[in-house]
Amino acid sequence: MYLKKDMYEIRLESIGGFGANLTGKLLGEIGASHMEVETQSFASYGSEKRGSPVKAYVRYSNREIRLNEPVRRPDLLAIFVMSLAGKENLMAGVGSHTDVVVNSHEDHDRVRDRLRMHKGRLWVVDALDIALECKSRLNMVMLGACVRASGFIPLEFAEEVVKEVLGSKYPEKTTANIMALKMGYSRAECREYTDDKYPYEEYKEPQRVKGWKTGELGGINPEFGNSVTNSLIGCREGYVPHFIREKCIDCGLCDSTCPDMVFQFEKGVNKGMDLYHCKGCMRCVEICPTHALVESEEGRYDDNIGCIDLINKEFLFTDIGENSWVDSESTNNQEV
Ligand code: SF4
Ligand code: SF4
């Protein structure tokens, strides 16, 4: 008997392209074919493209599973990208019963603060770094870390499933994948939090602002500039531009190149970026003539944390929830 409780629930939070969906399927396969428990595994995502939010859910039980809904109170929560910090429901249901596995190069306290994690055990693993080292994928590392954090899934079962499921499709990758799995397992480091620094978050059923009752006639969206006001944090793949003010000559090329009006100019001076709206395309890095913009890992510097709380306070920020925006004074439309 592997399970010590009636039901064990896992929620994986990611964006498209990192393989969270596959990780969920592999966890399901481990339960169903090796641990003789009732297993459920399904995912929820929007369009099949890189950058859109992905959630995968896995349940193990000693009894028949009759639930078919998102995991609201996870025993294990895995966060594949830190740029999701601050998103609604990300930390929902996390408490002293939860093991939270996070892909990050930062220390535990910093990760906890960015996630505003209530209580529980926080497992941090630099999955991107390990994946690059092994020439594998980030999701293999996260699978290893999840197996470890669960405390009851045997690593050898995960190895067998990776060999069976992925080995038949990509046999040339098996050695690298197994290495990544094992390194994720052994390098995930845990720290437990029992204090009340951040409050417990209840799971909130996602609500549509505009529906059949409240939508405009003909389904028109009357909000001005609505294509530039959405958070683009979820589109990024772990990298954002880092701005080095001392090297900037205020030429404005980044501002006219950026498709999302991220740069904030005041009286012809580049004041920095509103990274809430940056999708990480790196066009500005390519165009900058003085290398005042460089590609950097998200969160490596204080100014490039993709978190709404940390938007440069100098900017005039209009907070209306998901569709918030920063009012920008661009050099393109003001006298210098
Ligand atoms: S392109 Fe580079 S030098 Fe020019 S304003 Fe932007 S950051 Fe400054
Ligand atoms: S990477 Fe640069 S150009 Fe691309 S969205 Fe972000 S700030 Fe704009």
Side-chain angles (χ1 to χ4, degrees), residues 14-18 46-47 49-53 80-87 103-106 114 128 132 138 223-319 322-336:
S14 184
I15 59 175
F18 287 114
S47 56
K49 67 172 172 105
R50 294 168 80 87
S52 53
F80 283 53
V81 270
M82 274 302 287
S83 57
L84 292 170
K87 285 272 178 198
N103 163 31
S104 175
H105 57 260
E106 295 181 305
R114 288 184 62 193
L128 186 61
L132 290 172
L138 188 146
E223 230 166 60
F224 71 89
N226 57 67
S227 62
V228 294
T229 56
N230 286 325
S231 162
L232 297 178
I233 289 168
C235 301
R236 304 201 292 243
E237 298 194 348
Y239 295 91
V240 285
H242 170 57
F243 178 49
I244 307 164
R245 181 55 251 177
E246 307 82 68
K247 291 190 177 180
C248 176
I249 53 170
D250 301 311
C251 66
L253 282 173
C254 52
D255 194 28
S256 44
T257 303
C258 176
D260 295 298
M261 302 182 189
V262 167
F263 290 91
Q264 308 296 310
F265 279 73
E266 198 178 271
K267 297 191 176 21
V269 176
N270 190 346
K271 305 282 279 185
M273 293 167 285
D274 144 32
L275 287 172
Y276 187 60
H277 297 112
C278 170
K279 59 171 166 271
C281 66
M282 299 301 155
R283 287 193 208 175
C284 56
V285 171
E286 278 170 39
I287 201 91
C288 178
T290 61
H291 304 291
L293 293 163
V294 289
E295 183 173 326
S296 74
E297 258 179 74
E298 205 163 316
R300 183 67 77 187
Y301 301 97
D302 277 351
D303 74 337
N304 69 9
I305 295 166
C307 172
I308 194 160
D309 294 342
L310 297 170
I311 285 178
N312 190 333
K313 295 287 182 294
E314 285 178 36
F315 302 152
L316 181 57
F317 182 59
T318 311
D319 188 357
E322 217 16 43
N323 289 336
S324 304
W325 68 84
V326 171
D327 294 328
S328 168
E329 284 186 80
S330 166
T331 39
N332 297 336
N333 53 24
Q334 85 176 62
E335 281 179 34
V336 179

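Just so you know, ligand 1 is whichever comes first in the structure, and atom 1 is the first atom listed for that ligand.
- Both the backbone and the side chain of Ile249 come within contact range of ligand 1, each with a heavy atom under 4.0 Å.
- Close approach of ligand 1 to Gly252 (heavy-atom distance below 4.0 Å) involves ligand atoms 4 (Fe), 5 (S).
- Shown in contact with Leu293 at under 4.0 Å from a heavy atom are these atoms of ligand 1, numbered in order with element: 7 (S).
- Counting heavy atoms from C-beta on, the side chains of Pro241 and Met282 come closer than 4.5 Å.
- The SG atom of Cys284 sits 11.0 Å away from the CG atom of Leu253 when rounded to the nearest 0.5 Å.
- Annotation: side chain of Thr257 is not in contact with side chain of Phe263 (no heavy-atom distance under 4.5 Å).
- Side-chain contact between Met273 and Cys278 is absent, with no heavy atoms from C-beta onward closer than 4.5 Å.
- Within ligand 2, counting atoms from 1 as listed, the ones closer than 4.0 Å to a heavy atom of Met282 are 1 (S), 4 (Fe).
- In this structure the side chain of Ile244 reaches within 4.5 angstrom of the side chain of Val294, judged on heavy atoms.
- Between the OG1 atom in Thr290 and the CD atom in Glu246 there is a gap of 11.0 Å [rounded to 0.5 Å].
- With a 4.0 Å cut-off on non-hydrogen atoms, Asp255 does not touch ligand 1 at all.
- The distance from atom SG of Cys258 to atom CG of Leu293, rounded to the nearest 0.5 Å, is 10.0 Å.
- Less than 4.0 angstrom separates some heavy atom of Asp250 from each of these atoms of ligand 1: 5 (S), 8 (Fe).
- Nearest protein heavy-atom neighbour of atom 8 (Fe) of ligand 1: Cys248 SG, 2.3 Å.
- For ligand 1, the atoms closer than 4.0 angstrom to any heavy atom of Pro289 are 1 (S).
- Summary of contacts: the protein heavy atom closest to atom 4 (Fe) of ligand 1 is Cys251 SG, 2.3 Å.
- Look at Cys288 and atom 2 (Fe) of ligand 1: an N/O/S atom of the residue is under 2.8 Å from the metal.
- At a threshold of 4.5 Å between non-hydrogen side-chain atoms, the residues Arg245 and Asp250 count as touching.
- Phe243 is listed as a side-chain neighbour of Asn270, based on a closest heavy-atom distance under 4.5 Å.
- The shortest heavy-atom contact between Leu128 and Tyr239 is CD2-OH, 3.5 Å.
- For ligand 1, the atoms lying closer than 4.0 Å to a non-hydrogen atom of Thr290 are 3 (S).
- A donor-acceptor pair is defined here as one N or O able to donate and one able to accept, closer than 3.5 Å; no such pair exists between the side chain of Arg114 and the backbone of Gly86.
- Any protein N/O/S atom under 2.8 Å from atom 8 (Fe) of ligand 2 was counted, giving 1 altogether.
- For the pair Pro289 and Ile249, the tightest heavy-atom approach, listed with the atom from each and the gap, is CG-CD1, 4.4 Å.
- The distance from ligand 1 to the heavy atoms of Phe243 drops below 4.0 Å at these ligand atoms: 7 (S).
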